[in-house]
Amino acid sequence: MWEFIHKILVLFLERKSKFKQAEERLTRREEFFDGIKKIDNLDIEEYQKHARRNGLAQALVGSRLVSYRLVDFVSRNKNIVNFETVSKDLAFWDTSLNIERDNDRNIIGITLNKKEYFKEKCMMLITFIFNASIFIYSLFIYKTNLLWLGNYLLIPDYIAKIVLLILSIFLLITSFLLFISTMILFDLKRMVDLLNR
């Protein structure tokens with residue numbers, strides 16, 4: 001359960017695209033590919049090259065979840081245009097994927113793990129529906145809650161209204177974020193299909 005909550009938090013902390021302008025994205029891509037060439041020419045141990053490549057990939061994508069091998073695999077695919085975004089989403093939902101590797105541990109294929117993908121979809125939908133239901137129910141019983149807070153907890157009316165308003169806004173925002181994450185998860189199948197064309 002904690003892993004699921006952690007995924008939701010990471011998704012919304014890192015979801016906002018920080019590199020909106022095309023020139024910035026182009027510059028970041030050029031720096032990434034130039035950096036990879038420089039690392040390949042260095043006379044250092046392979047594990048150091050691997051760590052540096054991963055650092056470049058994480059700087060390009062803006063997420064610590066991705067690896068160089070994933071970014072390399074997605075960027076080589078002709079069907080994917082914004083490989084940074086796709087790499088981030090694939091890395092985020094990695095438990096729902098089967099990743100095929102060659103002898104050098106390079107990624108040669110990605111398919112959906114249908115059982116895990118179904119479990120993730122069910123968990124996400126249940127969480128979204130539960131949260132949205134609590135939000136809607138809290139709107140229906142607003143007056144009852146206001147009276148209960150005033151009569152039984154002896155909270156002044158204006159403070160009780162503020163508390164219920166904050167709770168309602170929190171539930172609304174959480175429902176909205178869960179809706180977005182559910183849509184991203186449902187889009188994962190399309191991304192994997194694009195990778196395998």
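Just so you know, these numbers use all the heavy atoms, side chains as well, and skip hydrogens, waters and symmetry mates.
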- Item | Any K121 side-chain heavy atom under 4.5 Å of F186 side chain | yes
- Query: Do you reckon I166 sits in the same ILVMFWY cluster as F135, going by side-chain contacts under 4.5 Å, direct or chained?
  - Reply: no
- Item | Atom pair CZ (R52) and CD1 (I44), whose distance is rounded to the nearest 0.5 Å | 4.0 Å
- Query: So how far is it from T111 OG1 to L97 CG, rounded to the nearest 0.5 Å?
  - Reply: 7.5 Å
- Just by distance, do the side chain of N196 and the backbone of I110 share a donor-acceptor pair under 3.5 Å? yes
- Message: Assess whether a salt bridge exists between K161 and D157, defined as any Lys/Arg side-chain N lying under 4.0 Å from an Asp/Glu carboxylate O.
- Response: yes
- Query: Any idea which heavy atoms bring V66 and S87 closest together, and the distance?
  - Reply: CG1-O, 3.6 Å
- Message: Determine whether a donor-acceptor pair (N or O, by modelled atom type, separation under 3.5 Å) exists between the side chain of D104 and the backbone of N106.
- Response: no
- Query: Can you check side-chain contact (heavy atoms from CB on, under 4.5 Å) on I169 and L165, steps first, answer last?
  - Reply: CA-CA 6 Å; I169 290 172; L165 181 65; 4.0 Å; yes
- Item | Nearest heavy-atom neighbours spanning V74 and F83 | CG1-CB, 3.6 Å
- Query: So, do L185 and S181 sit near enough that their side-chain heavy atoms are less than 4.5 Å apart?
  - Reply: no
- Task: Report yes if the side chains of N113 and T95 come closer than 4.5 Å at any heavy-atom pair, otherwise no.
- Result: no
- Query: Hey, which of N82, V61, L65 is the one that makes side-chain contact (heavy atoms from CB on, under 4.5 Å) with K88?
  - Reply: V61
- Task: Give the cluster check for I155 versus F170: same hydrophobic cluster or not, with ILVMFWY residues linked at side-chain heavy-atom distances below 4.5 Å.
- Result: no
- Query: Do you reckon Y47 sits in the same ILVMFWY cluster as I36, going by side-chain contacts under 4.5 Å, direct or chained?
  - Reply: no
- Item | Nearest-0.5 Å distance that lies between atom CZ in R76 and atom CD1 in I107 | 11.5 Å
- Query: Would you call D40 and R53 a side-chain contact if the rule is heavy atoms closer than 4.5 Å?
  - Reply: yes
- Query: Do the side chains of I184 and F92 get nearer than 4.5 Å, heavy atoms only?
  - Reply: no
- Pairwise side-chain contact, R28 with E84, heavy-atom cut-off 4.5 Å (strictly under): no
- Message: Any side-chain to backbone donor/acceptor pair from N77 onto F73? Under 3.5 Å, distance only.
- Response: no
- Task: Nearest 0.5 Å please: distance from the CD1 atom of I173 over to the CG atom of N131.
- Result: 11.0 Å
- What distance separates S96 OG from K119 NZ, expressed to the nearest 0.5 Å? 9.5 Å
- Got a second to check how far M191's CE is from L90's CG, nearest 0.5 Å? 6.0 Å
- Side chain N54, main chain S67, donor-acceptor under 3.5 Å: no
- Query: Would L149 and I162 show up in the same hydrophobic cluster when neighbours are defined by side-chain heavy atoms closer than 4.5 Å?
  - Reply: no
- Message: With salt bridge (Lys or Arg N to Asp or Glu O under 4.0 Å) as the criterion, how do R197 and D193 come out once you've worked through the C-alpha distance, each side chain's angles and the decisive distance to 0.1 Å?
- Response: CA-CA 6 Å; R197 281 191 190 166; D193 289 343; over 6 Å; no
- Item | Steps toward side-chain contact (heavy atoms from CB on, under 4.5 Å) verdict (L171, S138) | CA-CA 9 Å; L171 288 171; S138 71; 4.0 Å; yes
- Query: Quick one: are Y152 and L147 in side-chain contact, heavy atoms under 4.5 Å?
  - Reply: no
- Item | More than 12 heavy atoms of other groups within 6.0 Å of F130 CZ | no
- Query: Ion pair present between K38 and E31, side-chain N to carboxylate O less than 4.0 angstrom?
  - Reply: no
- In the single-linkage hydrophobic clustering (I, L, V, M, F, W, Y; side-chain heavy atoms under 4.5 Å), do F32 and V81 co-cluster? no
